[in-house]
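Report on the structure given below.
What you see is a predicted model, and the numbers here were worked out from it, not measured in a lab. Note on naming: letters A, B, ... go to the chains in the order of the sequence lines (proteins, then strands), and numbering restarts at 1 for each one.
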2 protein chains.
Amino acid sequence: MRPEDIAAMRGLPLFRDVAETPFADLVRAGFLQRFPPGVVLINESDPADFLHVVVEGLVEMFASGGGRDTTISIVRPVGVFILAAVLNDQVYLQSARTLEKSQVLMIPAESVRTALVADAAFTRAVITELARDYRSTIKEVKNQKLRSAAERLANWLLREDDAQGGTGRIALGFEKRTLSSLLGMTPENLSRAFAALKAYGVATEGQWVHITSRGTLQHFAKPNPLIDGPE
Amino acid sequence: MRPEDIAAMRGLPLFRDVAETPFADLVRAGFLQRFPPGVVLINESDPADFLHVVVEGLVEMFASGGGRDTTISIVRPVGVFILAAVLNDQVYLQSARTLEKSQVLMIPAESVRTALVADAAFTRAVITELARDYRSTIKEVKNQKLRSAAERLANWLLREDDAQGGTGRIALGFEKRTLSSLLGMTPENLSRAFAALKAYGVATEGQWVHITSRGTLQHFAKPNPLIDGPE
DNA sequence: CTTGCGGCTTGATAAATGTCAATCGTTCAA
DNA sequence: TTGAACGATTGACATTTATCAAGCCGCAAG
């Protein structure tokens, strides 16, 4: 690993407070891989061999069942995935694939588990990360069970606008079919949801979405901090 | 707390390997409460004051939004809830209410966090529990997004049959309306899903469900270990 | 420049699910 | 014993979402 990659790794909340020695061990065991778009990094039901950290690019977590596929989340830099499977030495419940050219840091599961017992700060960071992941998944269940397709889209747009600076100009960053799967609907239904939101000031333009009146959209979306809130 | 309650608490995976002193501190700070059915124990959006352990009875975790309600899980003895909120000192994302006369062990959040730094075994158990909760929630997202209402019911029946000994005779244990909410459908739709499963050997009889031909039901349900599996 | 491919949209239709209202059955208390 | 209350079921209907098919659009390779 290059010095600047090590520095980037050090910057992650997960590793920030780890002591010198265990951190050095993790660095020695880990390696940074570059992948083109569309590469499957892990497959659900495989044993969890590596903890993955998205350093650059974009990774889609998805799962299959009954002949269908669904996107579970999109991981941006700097995000960790499949931590839970690694910790308990289980199989992956999700698959992962790159959506863009990406750089992914891979740390052997065994090293992660060793660092876990060796370093209290790492343990603490792992608990925080796990609790965060758990809570955001609970939010996703609520989102799916309590909202219609158009409501899920409207709230996603509001959250994404916030994340991109609140300018009312949103870059999708990936294909609409992926968004439709993330939101739990078909591509056709996403098109119709966008059409329905026109009445609330939402305009699409290729990979861009414009929100002309945040207040109007908010009034329709009725965002709920216990579903859409940060932390 | 009575000696036998302390022994029960000691038996939980979460506390089994905690050292004497921190365990005694937890016991001293905690208290066991008895509740009649239908009592709301916690409300979503309230700060997480106590870790709850269901020692006896049945507790429903649910959440609201947009004027609707949905059941997120049913906690049986001996199960813990809202661990994640307690650990990171956040608000609850779910509400809880008793479905039966229940006994609940309540441990102040502050004591839990103290024990977490004081005892490595407790830390390890917390990580295991959190990872388990996270993974079962991911499974629930897959269940919701990849399956129809009748499929969710069929797989729930198979899982429940297993849990109850695989005799083909399942006690619901709570009202059908609660089951419908847990499975993400209306009570009317649950009735129709049961009717549809008659063709696959499912018979309802009040609070009981009989599975006459597990193979037939399995063939319809197509259970998937990455959704319905244990751990 | 053109052509072909892939992704998106649109329309028509079907299937799944939700809503509303009426009825049935059981429980429990007067 | 009876009847009021409540949950479950059923039917009719509305809404939401999915499916299938066709056409549109932009982009990239020739």
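Rounded to whole angstrom, the span from the CG atom of A/Leu153 across to the C1' atom of D/dT16 amounts to 15 Å.
B/Gln164 places a side-chain N or O within 3.5 Å of a backbone atom of B/Ala171 that can act as its donor or acceptor partner.
Between B/Arg177 and B/Glu60, none of the side-chain N atoms (NZ, or NE/NH1/NH2) sits under 4.0 Å from a carboxylate O, so this pair counts as no salt bridge.
Take B/Asp162 and apply the side chain to side chain donor-acceptor pair (under 3.5 Å) test, not counting sequence neighbours, and it matches B/Arg214.
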Q: Would you give a per-nucleotide map of nucleotides 7-25 of chain C, 5' to 3', where B means the base has a protein non-hydrogen atom under 4.0 Å away, S means only the sugar-phosphate does, and - means neither?
A: SSSBBB----SSBB-----
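Distance CG/B/Asn224 to NZ/B/Lys139: 9.5 Å, rounded to 0.5 Å.
When ring centroids are compared, B/Phe31 and B/Phe50 come within the 6.0 Å threshold.
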